[in-house]
Amino acid sequence: MDDLYRELIIDHYKNPQFRGHLDPNDIHFEDDNPLCGDHIEVTLRVDGSGKVADGRFDGKGCAISQASADLLIESIIGKPVEDVKKLSKQDVLDLLGIELGPVRLKCALLSLKVLKAGVYGLGESSEALIE
Amino acid sequence: MDDLYRELIIDHYKNPQFRGHLDPNDIHFEDDNPLCGDHIEVTLRVDGSGKVADGRFDGKGCAISQASADLLIESIIGKPVEDVKKLSKQDVLDLLGIELGPVRLKCALLSLKVLKAGVYGLGESSEALIE
Amino acid sequence: MTLDVNLLRQDFPILSREVRPGIPLVYLDSTATSQKPRPVLEAMEAFYRTNNANIHRGVHTLAEEATAMYEQAREKVAQFINAPSAEQIIFTRNATESINLVAYTWARANLKAGDRIILTEMEHHSNMVPWIMLATERGVELEFIPVTPDGLLDLDVYRTLLTRSPKLVAVSGMSNVLGTINPIAEIVRLAHAAGAITLVDGAQSVPHLPVDVQALGVDFLAFSAHKMLGPSGIGALYGRHDLLEKMPPFMGGGDMIKTVHLRSFAPNDIPHKYEAGTPAIAEAVGFGAAVDYLNKLGMQAVAAHEHEIVNYALDRLEEIPGVKVFGPTADKKGGVASFTLEGVHPHDIAQILDRDGVAIRAGHHCAQPLHEKFGITATARASFYVYSLPQEVDALVNGIYKVKEIFG
Amino acid sequence: MTLDVNLLRQDFPILSREVRPGIPLVYLDSTATSQKPRPVLEAMEAFYRTNNANIHRGVHTLAEEATAMYEQAREKVAQFINAPSAEQIIFTRNATESINLVAYTWARANLKAGDRIILTEMEHHSNMVPWIMLATERGVELEFIPVTPDGLLDLDVYRTLLTRSPKLVAVSGMSNVLGTINPIAEIVRLAHAAGAITLVDGAQSVPHLPVDVQALGVDFLAFSAHKMLGPSGIGALYGRHDLLEKMPPFMGGGDMIKTVHLRSFAPNDIPHKYEAGTPAIAEAVGFGAAVDYLNKLGMQAVAAHEHEIVNYALDRLEEIPGVKVFGPTADKKGGVASFTLEGVHPHDIAQILDRDGVAIRAGHHCAQPLHEKFGITATARASFYVYSLPQEVDALVNGIYKVKEIFG
Ligand SMILES: Cc1ncc(COP(=O)(O)O)c(C=O)c1O
Ligand SMILES: Cc1ncc(COP(=O)(O)O)c(C=O)c1O
């Protein structure tokens, strides 16, 4: 059990640091996981040098989806947007520190998908963004 | 082998007694076996007392379909049309004297189907006629 | 007659699997798909090892045997739901295809803009999306029998909807989320009185309850083998004889034709008219064996067993603080218990239970509109079948207490 | 590399069957359906005994295993035909459904009255009837590449037909009657140059020849597992990525959706968008195992073996007085020998051969227009696969001599 619902995840789920909505913002995107109705919205502010000045996520869903969103936002603040574009599936899994089956993987990666669709300025998110 | 392609069948196939077409006729019907392209046409003359005065079949197909048509026409000449209406699958199998799987059964019963559709004056033949 | 569950479990090889070393499987997901007893697996295996051939067109022994076995399976399925004749059973891939077949054939041949179809708010997506597609394409109107807070269909509203001359009433025999057993005989009687054709989504009712199409009077009934101890890859559509005769074909290809010319064709007789190409032959044989197995148990006994186990499950679940079970009381439902646990997403419940080998499902269970109606996005669902044991309910309940501890 | 046929035959349990006591099976009907090697049967059996669950929506271990196995099978099938990505493989029931899927989605979304479709006179009904249905419904025009007396496509006529701006060219990779291996790369190149989309009916080519969709450039490719050592109940459609993305869905139901509301839905991503309801899960696993088995043999070796055996068969058949073999010379064809025997209906040939355990097919083989073209209603057809032996050709030839004697 310990490997799976590590205290870290329960912690970020119950006490997220970056839950909220930035208004005004420079980047805004949201999407669902159709499987379970998980929903993630991401808002970011970008500074003059192209770095993420601040970020928030909002949404609802399982502990994995919400905790990974919180961990992800935490990890990108202060980073160049160009670096955010390069984030991979593995980066999120490293943040979570657990192994996941294919279904829960979608929960874990929803925030990444939303984030990358946002920073790329796409009208739609896509599985290709998290490969 | 003997049970299957009994000389009787080869005989009626190669030297049919009732191949032909009656014109004029009182009853005329034809149909195909879509599976193999077998085709049977039956023409009958009926006398004043409702008996089959004469009959012919024409068509092409396998030995079983053609021999059973020949045997069937032979068996009904002189019989009341009302009796022809009552002919069953088993009657034809008795004429042939062999056992057949479901596909060849259709070959064997095509002439019965055509005959019964004809005597019932139906616009279409149907599986129900040979049950 | 009651089921000897401990004995029959020995027929299901997967039930002695350990999910992880030392952790036996507690399979509570039969509404999604059932497990398969040995006789079903053996029937398919024996077919492939002894009789395998393509059907209907072959003269050789294997082809004749395979054809006979395929058609015998059709007979068995027909008898299982008391269809007047085997030719009224069309083999499809699953209940979903069965419903789509009706939508693409009967409905597209008979419905035009402004015509009304009555569905219910508790339908599975399979009995919803085909009609939404038709509505979008043709301007047909969809109307919905509401679900009451306790998970029943509101028949008063249904009666009102019927006054507007619907052409079709399409409703599930049993909800895969709420477990609600709908009053099909009455729904059909009222529909017919209003001049509507009826389609019953029997994906859950046929596996779990005695279903008699003649007694119910349904015009179309759709179901899947994989939910009733049979293999994946095969389902069935039952249809009223005159409707099947008249409907246009669905897919074109081998076997569904009488004759083909370059620019025209004549369709085959039913049921072949609706079975284009090489069908799921071995799967039909397995479907037949599944029906044999259920007949041996007796569908009354199956229903009684599930009733008993769901009754126990509801009692135990409702005693857990924070658990909310959806759907009617046990006397009105089949072996399904969908629930939420306050503060914990169903996905997390399912995943934590899985660590102890308890397999339940979490999500919208292909009934998103129903979940919307209840203001939720997902539920956790435990579901039961002939092999389910009260101890498995206990394992579920213990697991839920563990979840509560973790999320504390 | 050549096949060790005697060795690999041991993998096929049915090949040691006796049709009747003392009469071993000589299976010469692989074009209708292939036999299955033990690894395919074992993969499905193991799935049911160990991993069986419904897929895509489940969090528990079995559901995750089953999903992974199903998707892994898709990867294998994709690699087998060198598809750029697995999501371009849609699992269907059979080649027939694959073609119908394109007819119901891409074609109905893109073709209007007066648009032209080019087919060939040698098409199987499965690649003919869906287009006849569309033509009847929409007023689309069908045109046919003629078959020459020696069983080849007349490419000069094809070039002329292409000048009339057809929208679709749908042609079989290999004829199931003549055995003709059509020049797909060239046909596709010419079609594309004329602005047409291409669909290849690969029901015979994919099992018997190396097929590379990228090298051929085809837009759609349809095939069936049961003809390539896999189970019944599953087939595949390969499609070009952008086409699959844009086409409307086919059947509606579970799994093919992203979201559903009472009167609207959003389709899922490919390939799921086209897979409604519970798919043929165990069958996909078996399909994957069949592809593994063929890869182990090597498709070059498979094709070479069949070429050798059909070469021998043509030599032996043509020496029999009264026998006429249809189709091109052995160098232009796969392992199919369709023939007539003067004065004897093919059904009678097949039935007499069956008495000696020799299983061949007789009829129009779902290619009635082709038979019409040759002025016949039926042929007898012997067909070969990886397990076929020259001795089996000898048994066929001996049987034909016996037929001649009986009909003498
Ligand atoms: C050339 C060709 N196309 C299509 C088909 C149809 O295949 P299936 O019946 O598996 O859909 C066949 C097999 O009979 C075939 O030989
Ligand atoms: C009520 C109901 N209808 C339809 C279906 C669809 O069944 P299948 O996926 O086998 O087509 C299901 C199963 O998920 C169901 O529970």
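Every chain is numbered from 1 and lettered A, B, ... according to where its sequence line falls, protein lines coming before strand lines.
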For residues [X] and [Y], determine if any side-chain heavy atom of one lies less than 4.5 Å from a side-chain heavy atom of the other.
{"X": "Glu42(D)", "Y": "Glu45(C)", "value": "no"}
{"X": "Val260(C)", "Y": "Val129(D)", "value": "yes"}
{"X": "Gln368(D)", "Y": "Phe265(C)", "value": "no"}
{"X": "Gln35(C)", "Y": "Leu62(D)", "value": "yes"}

Residue part contacting chain D, namely of [X], when any heavy atom lies under 4.5 Å:
{"X": "Ile55(C)", "answer": "backbone"}
{"X": "Met251(C)", "answer": "both"}
{"X": "Ser30(C)", "answer": "neither"}
{"X": "Asn51(C)", "answer": "both"}
{"X": "His124(C)", "answer": "side chain"}
{"X": "Leu134(C)", "answer": "neither"}
{"X": "Ala282(C)", "answer": "both"}
{"X": "Pro231(C)", "answer": "both"}
{"X": "Ser264(C)", "answer": "backbone"}
{"X": "Glu123(C)", "answer": "neither"}
{"X": "Asn52(C)", "answer": "both"}
{"X": "Thr278(C)", "answer": "both"}
{"X": "Phe250(C)", "answer": "both"}

Study note, to complete from the structure: Comparing Thr96(D), Asn54(D), Asn127(D) against chain C, the one with the most heavy-atom pairs below 4.5 Å turns out to be Asn54(D)
Review point. Is the closest basic N to carboxylate O distance between Arg17(D) and Glu65(C) below 4.0 Å?
Key: yes
